[in-house]
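Every chain is numbered from 1, with letters handed out A, B, ... down the list of sequences. Values reported hereafter were calculated over all heavy atoms of this structure, with side chains retained and with hydrogens, waters and symmetry mates removed. All values reported here derive from a predicted model rather than from experimental measurement.
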Number of protein chains: 2
Amino acid sequence: MERSSTTPGGSARREATRQKLYEAAVTLIAEQGFSATTVDEIAERAGVAKGTVYYNFASKSVLFEELLRHGVGLLTASLREAAERTAGEGGGKVDALDAMVRAGLVFIDRYPAFTQLYVAELWRTNRAWQSTLMVVRQQAVAVVEGVLREGVANGEFSEEIDVPLTAAALVGMVLVAALDWKSFQPERSLDDVHSALSRLLQGRVSGRR
Amino acid sequence: MERSSTTPGGSARREATRQKLYEAAVTLIAEQGFSATTVDEIAERAGVAKGTVYYNFASKSVLFEELLRHGVGLLTASLREAAERTAGEGGGKVDALDAMVRAGLVFIDRYPAFTQLYVAELWRTNRAWQSTLMVVRQQAVAVVEGVLREGVANGEFSEEIDVPLTAAALVGMVLVAALDWKSFQPERSLDDVHSALSRLLQGRVSGRR
DNA sequence: ATTTTTGAACTGACTGGTCAGTACAGAAAC
DNA sequence: GTTTCTGTACTGACCAGTCAGTTCAAAAAT
């Protein structure tokens, strides 16, 4: 009863090809955008023939959609893991948020191209993969919202906070700070960036000391 | 000494045509992206002939670059105005930041398509207008950094804050929160969104009451 | 053990359509 | 009479998607 470790339907060889295509596509699309990236380029960078792309994916958009799902899946898992870990360690919700900020930074550090591409496509309208994006966005944001809600419930956070909006703002804070870090001062360490964001998060900006 | 209010070299008629083209291009590119938007579409939406586009702009990319400059110019002016106004009213730097958050929200409220497009293009690499974007980004972020630095100098803000990173994070917070507002809960009022962000900015999230 | 067959995976030349940019004569606007 | 715009037609490059053919490892037959 041998079974492939990943997708049930796919042979090991096929799965390897798909992975190569994801990797090629993610960097190219992050750099140039979806429409400006040609299937020929993706195939060439992945080291396969153009036909192979269409053997593995129904179309260019389908390749892109599956790429999105793949990537956000990784992020969501990582955020959830961070939140649960601090809970297990008996930390409060502030610690959970902080751990999630760090998990976000680690993710962006490891997959900067994916993050770039995600941000660039998220708020577009009238596109084929719009619904995929919405689903996938909600998965990630929901983890943050969950922690905020629990914090409100147990009194750690003010009851007056607007959960969805605050969650969006937090995600945005991390996202933009991290992209700027990678784009404009990549020499800085993750710890460095993390502590700057922690400070902002905990309101230790205004007020001396 | 009559003088055109905008570009010195352009007649009033020409300027009006350019404006129509900007407006057509900004919505189309926000929706579809630069590459997926055709010059024919832009011309049609603006109600002019295709030849007119090329009479007024050297190429599609040039049109886009000038659009970027135009839009960020508006934003920068608005942020600067907000900061100076609070200074005139004797407010502290916290008030200045708060006023700039509001100015940012007002801008995004008025020009959502431009904001969308800007975010989508900002972190791309290897594109023709990359340098234009950098210049233009720095103009806007510099205003925020200036206020932060002044606040550190006069003791209102902690000396430990990382000015460029904090500025980026603040911009990101407003940007993402506002885009989410427009995309996913457009019925909410600007005041509503503003107060949620103020609360976050001033650290009134954790700690009850 | 050797040969034959099978089929999933892959290849790359080709096609039909799309689109940026050009050309230009005549009409409007100023 | 000069500037700006129109309308139509055209070109050449580019590109998503197709498909007939190739590869090759493993299964089946001998």
Side-chain angles (χ1 to χ4, degrees), chain A residues 1-26 28-29 31-67 121 126-129, chain B residues 2-26 28-29 31-68 121 126-129:
Chain A
M1 278 291 151
E2 253 298 270
R3 193 147 251 334
S4 164
S5 62
T6 46
T7 312
S11 71
R13 186 174 178 209
R14 212 167 171 196
E15 205 49 47
T17 307
R18 281 197 150 99
Q19 195 62 38
K20 279 196 290 181
L21 285 169
Y22 282 154
E23 274 157 30
V26 79
L28 286 167
I29 297 180
E31 281 170 7
Q32 306 175 323
F34 175 81
S35 305
T37 301
T38 69
V39 175
D40 289 272
E41 278 177 313
I42 295 172
E44 192 191 347
R45 165 102 44 128
V48 302
K50 188 177 187 178
T52 305
V53 177
Y54 286 93
Y55 182 76
N56 282 283
F57 299 96
S59 68
K60 188 184 169 188
S61 325
V62 168
L63 163 55
F64 182 59
E65 274 184 67
E66 298 202 1
L67 179 59
E121 296 295 336
N126 298 344
R127 302 227 80 172
W129 50 81
Chain B
E2 251 302 88
R3 191 147 251 338
S4 163
S5 61
T6 47
T7 314
S11 72
R13 188 175 174 213
R14 214 170 169 194
E15 205 49 49
T17 306
R18 281 195 148 102
Q19 194 63 40
K20 280 195 290 183
L21 284 169
Y22 282 155
E23 273 158 30
V26 79
L28 286 168
I29 297 179
E31 282 171 8
Q32 308 176 325
F34 176 81
S35 306
T37 301
T38 69
V39 175
D40 290 272
E41 276 178 315
I42 296 172
E44 191 190 347
R45 164 101 47 128
V48 303
K50 188 178 184 180
T52 307
V53 176
Y54 285 93
Y55 183 77
N56 282 282
F57 299 95
S59 69
K60 186 185 169 187
S61 326
V62 168
L63 162 56
F64 183 58
E65 273 185 65
E66 299 202 1
L67 176 60
L68 280 175
E121 296 295 336
N126 299 344
R127 302 226 80 175
W129 50 80

- line: All heavy atoms of B:E66 vs all of B:F57, minimum pair found to be OE1-CE2, 3.6 Å

statement: Out of C:dA20, D:dT4, D:dA16, minimum distance to the side chain of B:R14 belongs to D:dT4

message: By nearest atom, which of the nucleotides D:dT18, C:dA20, C:dC10 is closest to the A:Y54 side chain?
response: D:dT18

- request: Would you indicate whether the side-chain heavy atoms of B:E41 and B:E44 approach each other to under 4.5 Å?
  value: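 B:E44 does not reach B:E41 side chain to side chain.
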
task: Decide yes or no for A:W129 and A:V62: does some side-chain heavy atom of the first lie under 4.5 Å from some side-chain heavy atom of the second?
output: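 A:W129 does not reach A:V62 side chain to side chain.
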
Return the value, rounded to whole Å, for the distance between atom [atom1] of [X] and atom [atom2] of [N].
{"X": "A:I42", "N": "D:dG17", "atom1": "CD1", "atom2": "C1'", "result": "13 Å"}
{"X": "A:Q32", "N": "D:dC14", "atom1": "CD", "atom2": "C1'", "result": "14 Å"}
{"X": "B:L21", "N": "D:dT4", "atom1": "CG", "atom2": "P", "result": "14 Å"}
{"X": "A:F57", "N": "C:dC10", "atom1": "CZ", "atom2": "C1'", "result": "14 Å"}
{"X": "B:E41", "N": "C:dT18", "atom1": "CD", "atom2": "P", "result": "13 Å"}
{"X": "A:E44", "N": "D:dA16", "atom1": "CD", "atom2": "P", "result": "14 Å"}
{"X": "B:K20", "N": "D:dT6", "atom1": "NZ", "atom2": "C1'", "result": "12 Å"}

- prompt: Under 4.0 angstrom, heavy atoms only, what part of the nucleic acid is A:S35 near: base, sugar-phosphate, or nothing?
  reply: nothing

query: How would you label the contact of A:T37 with the nucleic acid (heavy atoms, under 4.0 Å): base, sugar-phosphate, or nothing?
result: sugar-phosphate

[X] side chain N/O closer than 4.0 Å to the phosphate oxygens (OP1, OP2) of [N]?
{"X": "B:N56", "N": "D:dT4", "answer": "no"}
{"X": "A:S59", "N": "D:dA16", "answer": "no"}
{"X": "A:R13", "N": "C:dA9", "answer": "no"}

- request: Would you mind telling me which residue lines up with the more 5' stretch of DNA chain D, A:T38 or A:A58, judged by nearest nucleotide?
  value: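 Of the two residues, A:T38 wins.
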
- request: Determine whether more than 12 heavy atoms belonging to other residues, nucleotides or ligands lie under 6.0 Å from atom CD of B:Q19.
  value: yes

message: Using the rule side-chain contact (heavy atoms from CB on, under 4.5 Å), only one of A:L67, A:I42, A:V39 pairs with A:L21; which is it?
response: A:I42

- request: Look at the rings of B:F34 and B:F64 and say which category their plane angle falls in: under 30° parallel, 30 to 60° tilted, over 60° perpendicular.
  value: tilted

field: Under the salt bridge (charged side-chain N to carboxylate O under 4.0 Å, His left out) test, residues paired with B:K50 that sit two or more places apart
entry: B:D40

Under-3.5 Å N/O pairs linking protein and nucleotides 11-14 of chain C:
| unit_1 | atom_1 | unit_2 | atom_2 | d |
| --- | --- | --- | --- | --- |
| C:dT11 | OP2 | A:A49 | N | 2.7 |
| C:dT11 | OP2 | A:T52 | OG1 | 2.3 |
| C:dG12 | N7 | A:G51 | N | 3.4 |

